[in-house]
Amino acid sequence: MGVNLGDVVPKREVEMEDLFGRVIAVDAYNTLYQFLSIIRGPGGRPLEDSEGRVTSHLSGILYRNVNVLENGVRPVYVFDGEPPSLKAGTVEARRERRREAREELEEAREAGDEERAYVKATQSASLDEWVLESSADLLSLMGVPEVQAPGEGEAQAARIVQNGDAWAVGSQDFDSLLFGADRLLRNLTVSGRRKLPGRNEYVEVRPEVVSLDAVVEANGLDREELVDVAILCGTDYNEGVRGVGPRTAVKVVRETGLETYLEVEGLEVEGLDAVREAFLSPDVTDDYVVEWGEPDRDALLEFLCGRHGFSEDRVLKALDRLELDDGDKNQSRLGVFY
DNA sequence: CGATTAGA
DNA sequence: TCTAATCGG
């Protein structure tokens, strides 16, 4: 979920080819959650192997990374550690929401309502131990590095960018900008269109870059003020003010300032200073290693086909795309845009 | 989501 | 050859 900054954030659409040579600090939680909620079969059931283990995320990781690596983009997956205590309410609320969704999923299945079942299955997706472990295993076999964050993955990913070890954070959420990432890359995808959950509507989806400088520039706010904007709208750490969206929040912070506004309106933000600090000085580490390796073809075949029932033909075809390339598309692509 | 297949 | 539907595990 994260923060609603979409409306006040300038975006620059790019092609995957434009990202050649870039390192992307991928928010693993965000990415896995999307794979898990979206990659579904009939009745909203996730893909699974013959033992009943969910494999939707493995499919997503494999093909996404093949596309990314094939284009000379180097991903590093950043996994969440312990959520800050400020987030406890949000974590609990999400748990409850998933629990409800699972109940409603059962009801929908019993009623034979496939469409509702699909929606509820999506809402009940959760990252359990199996998903995290098998994801780490697959990434490792693909030669894709992983970083374990002490706290929020997005904060750690932002730090990796700040340190110059990655070019952008890869996530759908905007939080990494609040954590100080210089750039955010959304829609790390090669395929054009995506189907909207509602009905038969399709939207063109291309990768898009959001730079923190551009956000700051466009709104006449610095990062600290941007954090105040988010706090007004609501974040994972606080509820936000009813009826205030990003647009008015920017206006309020620029013209009045968050504290004065709260005072005048007789409002209060629970633990305001702590929330600010959670964004401005998050729990991150510089003790990480980012190193890419060669995909282990045999081990990948054993893992995906032998153990989890993937089609050998398809996996081989995917792995072949990782071998012979950079024949035509090599250097001199860096720096075509900022 | 991304790949594959069906169909215009 | 291109796009819409539907597999995949």
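Convention: sequence-line order gives letters A, B, ...; per-chain numbering from 1. Side chains are part of it too, since the values below use all heavy atoms of this structure and drop only hydrogens, waters and symmetry mates.
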Salt bridge (Lys or Arg N to Asp or Glu O under 4.0 Å) between A:R297 and A:D320, intermediate numbers included: CA-CA 9 Å; A:R297 234 182 129 86; A:D320 282 345; 3.1 Å; yes
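Qualifying side chain to side chain donor-acceptor pair (under 3.5 Å) partners for A:Y29, counting only residues two or more places apart in sequence or in other chains: none. For the side chain to side chain contact (heavy atoms under 4.5 Å, CB included) test, no residue two or more places apart in sequence or in another chain qualifies with A:E217. In terms of the side chain to side chain contact (heavy atoms under 4.5 Å, CB included) criterion, residue partners of A:Y118 (sequence neighbours excluded) are, by chain and number, A:R40, A:T122. Judged as a side chain to side chain contact (heavy atoms under 4.5 Å, CB included), and not counting sequence neighbours, the contacts of A:D49 are A:E51, A:R53, A:T55, A:H308. For the side chain to side chain contact (heavy atoms under 4.5 Å, CB included) test, residues two or more places apart in sequence or in another chain that qualify with A:L272 are A:I231, A:L258, A:E259, A:L262, A:V269, A:R276.
Taking atom CZ of A:R307 as the reference point, atom C1' of C:dG9 lies 14 Å away to the nearest angstrom. Atom CG of A:L58 and atom P of C:dC7 are 22 Å apart (whole Å). Here C:dG8 presents its C1' atom at 14 Å from NE2 of A:H57, a figure rounded to the nearest Å. The CG atom of A:L69 sits 15 Å away from the C1' atom of B:dG2 (whole-angstrom rounding). Rounded to whole Å, the distance from CG on A:L138 to P on C:dG9 is 14 Å. Between the CG atom of A:L36 and the C1' atom of C:dG9 there is a distance of 13 Å, given to the nearest Å. Counting to the nearest Å, the P atom of B:dG2 and the CD atom of A:E204 are 13 Å from each other. Following rounding to the nearest Å, A:L304 (CG) and C:dG8 (C1') show an atom-to-atom distance of 12 Å.
Listed by first then second residue, pairs satisfying side chain to side chain donor-acceptor pair (under 3.5 Å) with a partner in residues 128-146 of chain A read A:H57-A:S134, not counting sequence neighbours. Judged as a ring pair (Phe, Tyr, Trp, His ring centres under 6.0 Å), the pairs with a partner in residues 204-238 of chain A (not counting sequence neighbours) are, in order, A:Y237-A:F279.
Of all heavy-atom pairs between A:G2 and A:R94, the closest is N-NH2, 4.1 Å.
Among the protein residues, A:T55 comes within range of the sugar-phosphate backbone only, with heavy atoms under 4.0 Å from sugar or phosphate atoms but none that close to a base. If you check every strand for non-hydrogen atoms under 4.0 Å, A:S311 touches sugar and phosphate atoms only.
Not one side-chain nitrogen or oxygen of A:S56 sits closer than 4.0 Å to the OP1 or OP2 atom of C:dG9.
Listed by residue number, A:P46, A:L47, A:E48 are the residues of residues 42-49 of chain A with a heavy-atom contact under 4.0 Å to DNA chain C.
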Tabulate protein N/O versus nucleotide N/O from nucleotides 3-5 of chain B, keeping only pairs under 3.5 Å, one per line.
| from | atom 1 | to | atom 2 | distance (Å) |
| --- | --- | --- | --- | --- |
| B:dA3 | OP1 | A:R321 | NH1 | 2.8 |

